[in-house]
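All remarks here apply to the structure that follows.
Chain identifiers are assigned alphabetically (A, B, ...) following the order of the sequence lines, protein sequences preceding nucleic acid strands; residue numbering begins at 1 within each chain. Here the structure is a predicted model, which means the values were calculated and not measured.
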Amino acid sequence: AQRVTQPEKLLSVFKGAPVELKCNYSYSGSPELFWYVQYSRQRLQLLLRHISRESIKGFTADLNKGETSFHLKKPFAQEEDSAMYYCALYNFNKFYFGSGTKLNVKP
Amino acid sequence: NAGVTQTPKFQVLKTGQSMTLQCAQDMNHNSMYWYRQDPGMGLRLIYYSASEGTTDKGEVPNGYNVSRLNKREFSLRLESAAPSQTSVYFCASRGTGGRGNEQFFGPGTRLTVL
């Protein structure tokens, strides 16, 4: 069965510090993975997807099939990065979301 | 384009009452979804519709029904509301364009069942 785990409910870092939000998944095939972000008073929106190998707002995420992980990283956190982050896996029309990590970037 | 719209934004029900949450999208997407968001549990899929005329259960369908009225609209109905259904409900549609399987979310409906 598909499952997405985000072990940290809350992650607090200082501005300028590196940040890593962890995501682990269980899936038997080739997964399609995403990071979604929800800023305060805004809609949930796509941040990035592993297939695109993109960097959005300085964030990157690498799929590690051996460790079944898709951690989200940014070398220098900014205050505007404070938000709720969700890791999600797509399979046959359905998305499976992790429980989310709240990132708090302190000035 | 409005994207995905949901009504109402807020609702308070008494146990046993019924209501329908409305969702519409103007992006010509085939797939639409209903989620509930609870603290510490992330988003859980209630029902989805892969195309007009089809609906399927997600992880937590009990106590809910859905209708895919047409390609644009996908409604969620609570027949007899219970306090356990207090949650924030999100509707989403899925595109298959430039960014692949990207979901577009509505603003959410905050439902309280007393």
(request) In sequence, state the C-alpha distance, the side-chain angles, and the governing distance for Leu11(A) and Val19(A), and then conclude on side-chain contact (heavy atoms from CB on, under 4.5 Å). (result) CA-CA 9 Å; Leu11(A) 187 62; Val19(A) 62; 3.6 Å; yes
(request) Pick one of side chain, backbone, both or neither for Tyr36(A), based on which atoms fall under 4.5 Å of a heavy atom in chain B. (result) side chain
(request) Heavy atoms only: give me the nearest Phe90(B)-Pro107(B) pair and the separation to one decimal. (result) CE2-O, 3.8 Å
(message) Which one wins on heavy-atom pair count under 4.5 Å against chain A: Glu59(B), Gln103(B), Met41(B)?
(response) Gln103(B)
(message) For the backbone of Cys23(A) and the side chain of His71(A), can you confirm whether one donor and one acceptor N or O come within less than 3.5 Å of each other?
(response) yes
(message) Counting only non-hydrogen atoms closer than 4.5 Å, does Gln6(A) touch chain B with its backbone (N, CA, C, O), its side chain (CB onward), both, or neither?
(response) neither
(request) Please flag which part of Leu43(B) lies under 4.5 Å from any non-hydrogen atom of chain A: side chain, backbone, both or neither. (result) both
(message) According to side-chain contact (heavy atoms from CB on, under 4.5 Å), who are the partners of Asn70(B), at least two apart in sequence or on a separate chain?
(response) Glu52(B), Arg72(B), Glu73(B)
(request) Compare every heavy atom of Gln11(B) with every heavy atom of Met19(B), then report the nearest pair and how far apart it is. (result) SD-CG, 3.4 Å
(message) Less than 4.5 Å to any heavy atom of chain A: does that hold for the side chain of Phe104(B), its backbone, both, or neither?
(response) neither
